[in-house]
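Read the structure below first, then the notes.
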Amino acid sequence: MALCPDELDAIAEHLLSAEAERREVPSLAQTHGELSLDEGYQVQDEIIARKLKAGDRLIGWKLGLTSKEKQKAMGVFEPVYGALFASTLLPECEVNVSELIHPRVEPEIAVVMGEDLEGPDVTPAQALAAVRWVLPALEVIDSRYKDFKFTLPDVVADNASTARAVPGTRPVPAEGLDLATIGVVFLKNGELITTAAGAAVLGDPAIALARLANHLARRGQKLKAGQLVFTGALTAATFVAPGDVVEARFAALGSVSLRVVAR
Ligand code: OOG
Ligand code: MG
């Protein structure tokens, strides 16, 4: 079932005002009834359309809940897809948490497309061949839902908790890289939180990328050359507070770090 225009408006408004006012809201399951997965993506499309209409720019896409660690932590066992906007892009330096609700930070392998990639039936090998650059990255996620509690359609509607995308500044050519075996050391304030490898992401971030292209094809879209893709967190996300410094050190890709401030 598709949502009718009034419901769609009300739900999109509910989530966009929560983001703008930095206010958490109960999950949609509680406020607007349970949505289907399709209805969740219908809300996400509406939110994307509204942001673009307001002057924001689509710069790429993200996957979420691609690793078992993340799926276990959030209690949602399906990957989700969301949009990255120019307004979400943050240079590697600091994140101002006063602009956010209850941010968490997670390490990701990001890629920049060298060629368009259009589904359906894209294979991981085709996906990897379309990548030009690989970057170490941190994603700052900020669910608009109270206590980060959501169902699969809820988190889809909320653009997969997207808040800030922080790619590293030194891209590495994709050619010859095996994304699955790239290790990451994830640290907060110099102390080890956890370690992982690219394979934590659905077995290989290239598999995630292929799934994203095939998902976009179902929605009449494709990945375009130059777009940035965050392939999903390799580990569970960590809470941050002002004063914290979070760093992800990747084999073959180098490091990316972020200072947490409140202004
Ligand atoms: C959903 C977004 C998950 C990832 O990389 O797994 C995500 C959430 O955990 O709030 O971005
Ligand atoms: Mg993420």
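We count ligands from 1, going down the list as the structure has it; atoms in each ligand are counted the same way. Side chains are part of it too, since the values below use all heavy atoms of this structure and drop only hydrogens, waters and symmetry mates.
- Distances between N or O atoms of E108 and those of ligand 1 include at least one value under 3.5 Å.
- Considering only non-hydrogen protein atoms, atom 1 (C) of ligand 1 sits nearest to S161 OG, 3.5 Å.
- Taking the Mg ion (ligand 2) as reference, the nearest N/O/S atom within E106 carries the name OE2.
- Within E108, the N, O or S atom lying nearest to the Mg ion (ligand 2) carries the name OE2.
- In this structure, a donor-acceptor pair under 3.5 Å is absent between the side chains of S27 and K149.
- Under a 4.0 Å criterion applied to the non-hydrogen atoms of L63, ligand 1 contributes the atoms 5 (O).
- Looking at S143 next to ligand 1, no N or O pair under 3.5 Å apart turns up.
- With 3.5 Å as the limit, one finds a donor-acceptor pair spanning the side chains of S98 and N96.
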For K188 and E191: C-alpha separation, side-chain torsions, deciding distance, then whether salt bridge (charged side-chain N to carboxylate O under 4.0 Å, His left out) applies. CA-CA 5 Å; K188 184 157 72 179; E191 281 184 28; over 6 Å; no
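- Within a 6.0 Å radius of CZ in F77, more than 12 heavy atoms belonging to other residues, nucleotides or ligands are found.
- Close approach of ligand 1 to L65 is summarised as follows: ligand atoms under 4.0 Å from at least one heavy atom of the residue are 3 (C), 4 (C), 6 (O), 7 (C).
- Ligand-side atoms of ligand 1 in range of K62: 2 (C), 7 (C), 11 (O), range being under 4.0 angstrom from any heavy atom.
- Taking all heavy atoms of A208, A237, A160, A163 into account, the minimum distance to atom 2 (C) of ligand 1 is reached by A160.
- Taking CZ of R50 as the start and CG of D45 as the end, the distance is 12.5 Å to the nearest 0.5 Å.
- Less than 4.0 angstrom separates some heavy atom of G232 from each of these atoms of ligand 1: 5 (O).
- Within the listing of ligand 1, atoms 3 (C), 4 (C), 5 (O), 6 (O), 7 (C), 11 (O) sit less than 4.0 angstrom from a heavy atom of G64.
- Ring centers of H215 and Y41: under 6.0 Å apart, within the cut-off.
- Ligand 1 has a nitrogen or oxygen under 3.5 angstrom from a nitrogen or oxygen of A233.
- Per residue E139, closest N, O or S atom to the Mg ion (ligand 2): atom name OE1.
- Contacts between F230 and ligand 1, counted as non-hydrogen atom pairs separated by less than 4.0 Å, are absent for every part of the residue.
- Applying the side chain to side chain contact (heavy atoms under 4.5 Å, CB included) test between R144 and each of E24, E19, H14 identifies E19 as the sole match.
- Those atoms of ligand 1 that come under 4.0 Å of a heavy atom in V155, given as number and element, are 1 (C).
- Using a 4.0 Å cutoff on heavy atoms, F150 counts as a contact of ligand 1.
- With ligand atoms numbered from 1 in the order given, ligand 1 contributes 8 (C), 9 (O), 10 (O), 11 (O) to contacts under 4.0 Å with heavy atoms of I141.
- Just one residue in the list I141, T235, L234, V201 forms a side chain to side chain contact (heavy atoms under 4.5 Å, CB included) with K70, and that residue is I141.
- Atom CD of E34 is surrounded by 12 or fewer heavy atoms from other residues, nucleotides or ligands within 6.0 Å.
- Under a cutoff of 6.0 Å and an axis angle of 45°, R104 and F148 form a cation-pi pair.
- Counting only distance, with no hydrogens or angles, the side chain of E94 and the backbone of L258 share no donor-acceptor pair below 3.5 Å.
- Here L212 contributes atom CG and L63 contributes atom CG; the two are 5.0 Å apart, rounded to the nearest 0.5 Å.
- The closest protein non-hydrogen atom to atom 4 (C) of ligand 1 is E106 OE2, 3.1 Å.
- Among all protein heavy atoms, the one lying closest to atom 9 (O) of ligand 1 is K70 NZ, 2.8 Å.
- Residue contacts with ligand 1 leave out R104, since none of its heavy atoms falls under 4.0 Å from the ligand.
- Residue contact check: M74 has heavy atoms under 4.0 Å from atoms 9 (O) of ligand 1.
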Show the numbers, then the answer: is there a salt bridge (charged side-chain N to carboxylate O under 4.0 Å, His left out) between K222 and D116? CA-CA 7 Å; K222 64 174 178 180; D116 289 5; 2.9 Å; yes
